[in-house]
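Notes follow the structure.
Fair warning: this is a prediction, and the values are worked out from it, not measured in the lab. A, B, ... follow the sequence lines: proteins, then strands. Residue 1 opens every chain.
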2 protein chains.
Amino acid sequence: MNRKEKEGEMDIAELLKNKGLKKTNARVKISSILSQSVQPLSEKEIKKKMGNEYDRITFYRTVQVLIKADIIHRIIVDNTQIKYAFTKDDKNELDKTEHIHFYCTQCHKLICLEDVLVQYYELPKGYIQSECAVLIKGICKNCNEKK
Amino acid sequence: MNRKEKEGEMDIAELLKNKGLKKTNARVKISSILSQSVQPLSEKEIKKKMGNEYDRITFYRTVQVLIKADIIHRIIVDNTQIKYAFTKDDKNELDKTEHIHFYCTQCHKLICLEDVLVQYYELPKGYIQSECAVLIKGICKNCNEKK
DNA sequence: TTGAACATGAAACATTGTTTCATTAATATA
DNA sequence: TATATTAATGAAACAATGTTTCATGTTCAA
C-alpha cells in the first residue's frame, strides 16, 4: 500500500467515526477503493480490487450501510448494471444539490458529472420532491474524440 | 373480456403490425395490460393480470422486443424495483421529448408525469446526448392529501 | 481489559437474467 | 386456402443478485 492509499484509508476512518459507524475492514476497503476511483465501479470491479478480502454477503450489507450514511451512492444504469460511487462531501451541506450521471453507450463507462447539477422540475400541485436522479446516455468526450 | 378491452387489443394488433412485429399472444396481452393501466406495473403485477397465460421466459423476451420497438418502456426505481409502462404515442414524432417519472416513497406507486418533460442539460464539451432518464422520489399528491 | 453491541461469513433460499434447443405458431404467397 | 418460411414459445438449466438466519468474531467505550 502506498502513501496516498494509506492517507485515503485514514480519512475514511475519520469519516466513519463522524457518521457513528464502526470502523471495519469491509467498510474501509470499499469506501477507499471508491474514493480513489475516477469512475463509479460495479460490484465486480470492486471485488477485483479487493482480492480475497471480498465476501458477497458482507459486500451486500456494507454497501447498504454506506449508502444509508451517504458515504457512497448507487447509480443504476440498467436493470443489470449497477455502479457505486464515493459521495464527494466538499459541497455546502445546505444546498446539497445532486449531480447528474452520464453513461457512455460506447465504452460503457459511467461518469459522475459533478459540475452538472440536477435541475428543478415544476411538479403538479400536491407532489413533494425529496430526491431526483438524472441519467443521461450517449457518447462520452473520450470516445467522441477518438473517432 | 369487455368491449373496451377488446378494442384495446385490436389497437395493439395494428400497432404491432406497424412496427413489423408478429402478433402473438404474449405481446398483445402484455401491451394491452400496460396500455390500460394508469400506473406502470412490475413483472409481478403483470403476471397477476395475465393469470395462467404467463411464462417467465416468454415475458422476459417479450418485454425486450416491446421495449426495442418503443411500444413499452422500462422504468427502474431501484435495483430491485423495475416497472413497465405503455409508451403513449400521441406526441409529435419530431420532438419526442421524454417525460419524467415520480416514485412515491409512501404508497410505492410510480407515476408517469406525461406533462413534465425532461429538461435539456448543458453537458461538458465533447459529450453527445442520446437519452435522458429522470426519476424523482417523494410524496405523491394522493398520499399528501390524505394526511 | 472486558462486555455490550454490532459485524461477519456460512448456509440456504428467492428472484431475476440468460442461453440452448426442440416444438409450435404466424403470416406471406402460391 | 394450404403450405413453406420465418419467428416465437416453453422446458431445462444455469448464472447473478438479493436476502434472511444464526453462530462466531470484532469493535470500542467505560
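Picking from D:dT9, C:dA11, D:dA8 the nucleotide with the shortest atom distance to the side chain of A:Ile57 gives C:dA11. Of the listed nucleotides (D:dT19, D:dA11, C:dG17), C:dG17 has the atom at the smallest distance from the side chain of B:Arg56.
In this pair, A:Tyr127 and B:Phe102 present their aromatic rings perpendicular. The plane angle is above 60°, beyond the 30 to 60° band. In this structure, B:Phe59 and B:Tyr54 have tilted ring planes: the angle between them lies in the 30° to 60° band.
Protein atom OH of B:Tyr84 is 9 Å distant from nucleotide atom P of C:dT16, rounded to whole Å. Rounded to whole angstrom, the span from the CD atom of B:Gln81 across to the P atom of C:dT16 amounts to 11 Å. Rounded to a whole Å, the CG atom of B:Leu16 is 11 Å from the P atom of D:dA8. Whole-Å rounding puts the A:Phe59 CZ to C:dA7 P distance at 17 Å.
Between B:Thr62 and B:Thr80, the one whose closest nucleotide on DNA chain D sits nearer the 5' end is B:Thr62.
Residue A:Tyr60 places no side-chain N or O under 4.0 Å from the OP1 or OP2 atom of D:dT17. Note on B:Arg61: every side-chain N or O is 4.0 Å or more away from OP1 and OP2 of C:dT18. For the pair B:Thr24 and C:dA25, the criterion of a side-chain N or O lying under 4.0 Å from OP1 or OP2 is not met. Between A:Asn79 and C:dG17 there is a side-chain N or O to OP1 or OP2 distance below 4.0 Å.
Side-chain atoms of A:Ile128 and B:Thr105, non-hydrogen and from C-beta on, never get closer than 4.5 Å to each other.
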Check your understanding: What do the steps show when you test B:Leu135 against B:Ile76 for side chain to side chain contact (heavy atoms under 4.5 Å, CB included), and what is the final call?
Key -> CA-CA 8 Å; B:Leu135 177 70; B:Ile76 298 166; over 6 Å; no
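For B:Lys22 and C:dA25, a side-chain-to-base donor-acceptor distance below 3.5 Å is absent, hydrogens and geometry of angles not being considered.
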